[in-house]
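Quick note: numbers below take in every heavy atom, side chains included, and nothing from hydrogens, waters or symmetry partners.
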Amino acid sequence: MTEGTKTACFWGIALVAMGIAGVAAWPRSNQEAQQSFVGQPLFPEFSDPLAATSLEIITFDEEEGRPDKFEVGKKDGSELWTIKSHGGYPADAFEQMRDAANALVGLKILDVQTSNAEDHDDLGVVEPNLEKLQSGDVGIGRLVSFRDESNNRLASLVIGDPVKDEPEKLYVRIPGQDPVYVVKLDESHLTTSFRRWIEDDLLRLSSIEIGGVEIQDYLATPAQTR
């Protein structure tokens, strides 16, 4: 074997060894990078709950194979809150919206469960896409999205299953991203209950800017019989 051949073999072996080392080290480096998020807020730029002027929640009924959309927000150009998904029904939503938004403000990552998209259905964090969902789909999460008055997205989260033996902790995922995080989330204010959002004080009807009321008085005349 000539010296040139020996040198070529040496460099070939060295490059193969470096490649194997790189492949072996990459998962560890990637995992370490993911773990660096632990303890950090999931939405660092979402710090003011009062900035949220609309909330959209999309759920999926696996038995019916039907998605449901609930949306509440301010009526354009006014301070009036309405349930947009229910024909613009008046809502008593200032405090409810603040409390709902607070659930995501400062929400911290407790752990990174996985970065494998194939695990999404097992953890219940598949995004409920209104156009693609169909009967038989499983592992569909609940999509919660907040927007500001300019319709900019403040925070969006797919909420999945509770962690086994730790029901106060949930698996969650940011739409369009693969990592699944573990968080401690109070869901009580992220509700689609119509009763929790409606304006139930009739004395506040003046805030709906009623233009007028018409009362018609009908007089019933007994039918004449022979």
With a 4.5 Å heavy-atom cut-off, do L190 and I159 have their side chains touching? yes
Quick one: salt bridge (Lys or Arg N to Asp or Glu O under 4.0 Å) partners of E149, sequence neighbours excluded? none
With a 4.5 Å limit on heavy-atom distance, are the side chains of L157 and L107 in contact? yes
F146 and F46 aromatic ring geometry - parallel, tilted or perpendicular at 30°/60° bounds: tilted
Determine whether a donor-acceptor pair (N or O, by modelled atom type, separation under 3.5 Å) exists between the side chain of S115 and the backbone of P179. no
Residues in side-chain contact (heavy atoms from CB on, under 4.5 Å) contact with E56, at least two apart in sequence or another chain: I58, K69, E71
Residues at least two apart in sequence or cross-chain that pass side-chain contact (heavy atoms from CB on, under 4.5 Å) with R153, listed by chain then number, are R147, S156
State, with a plain yes or no, whether a side-chain heavy atom of T82 is found less than 4.5 Å away from one of V72. no
Heavy atoms, side chains only, cut-off 4.5 Å: are I198 and I83 in contact? yes
Rounded to the nearest 0.5 Å, how far does CG of L154 lie from CG of L55? 11.0 Å
Correct closest heavy-atom pair for S47 and P49 would be O-CD, 3.6 Å
Between A101 and A52, what is the shortest heavy-atom contact and its length? CB-CB, 4.1 Å
State, without any angle test, whether S188 and D186 hold a side-chain donor-acceptor pair at a distance under 3.5 Å. yes
Rounded to the nearest 0.5 Å, how far does NZ of K74 lie from CG of L80? 10.5 Å
Within the side chain of R173, is there an N or O that forms a donor-acceptor pair under 3.5 Å with the backbone of V158? no
Ring centroids only, cut at 6.0 angstrom: are F194 and Y89 within range, meaning strictly under it? yes
Taking atom OG1 of T191 and atom CZ of R196, what is their separation to the nearest 0.5 Å? 5.5 Å
Just by distance, do the side chain of W197 and the backbone of P90 share a donor-acceptor pair under 3.5 Å? no
Using a 4.5 Å cut-off on heavy atoms from C-beta on, say whether the side chain of L110 contacts that of K169. yes
For P128 against L143, the heavy-atom pair lying closest together: CG-CB, 3.5 Å
In terms of heavy-atom contacts, G176 and E127 come closest through N-OE1, 3.9 Å
In this structure, CG of L185 is separated from OH of Y171 (nearest 0.5 Å) by 14.5 Å
Assess whether side-chain contact (heavy atoms from CB on, under 4.5 Å) is satisfied between H86 and F70, documenting all intermediate values. CA-CA 8 Å; H86 290 65; F70 180 89; 3.8 Å; yes
Can you find a pair of side-chain heavy atoms, one from H120 and one from V180, that are under 4.5 Å apart? yes
First locate atom CG of D161, then atom CG of L123, and finally report the distance between them rounded to the nearest 0.5 Å. 7.0 Å
Side chains of M97 and W81: closer than 4.5 Å at any heavy-atom pair? yes
Looking at S150 and N152, would you say the former's side chain and the latter's main chain have a donor-acceptor pair under 3.5 Å? no
Is there side-chain contact between E168 and E166, with heavy atoms separated by less than 4.5 Å? yes
In this structure, which one of L170, T114, D111, L42 forms a side-chain contact (heavy atoms from CB on, under 4.5 Å) with Y181? L42
So CG of L50 and CZ of R98: to nearest 0.5 Å the spacing works out to 7.5 Å
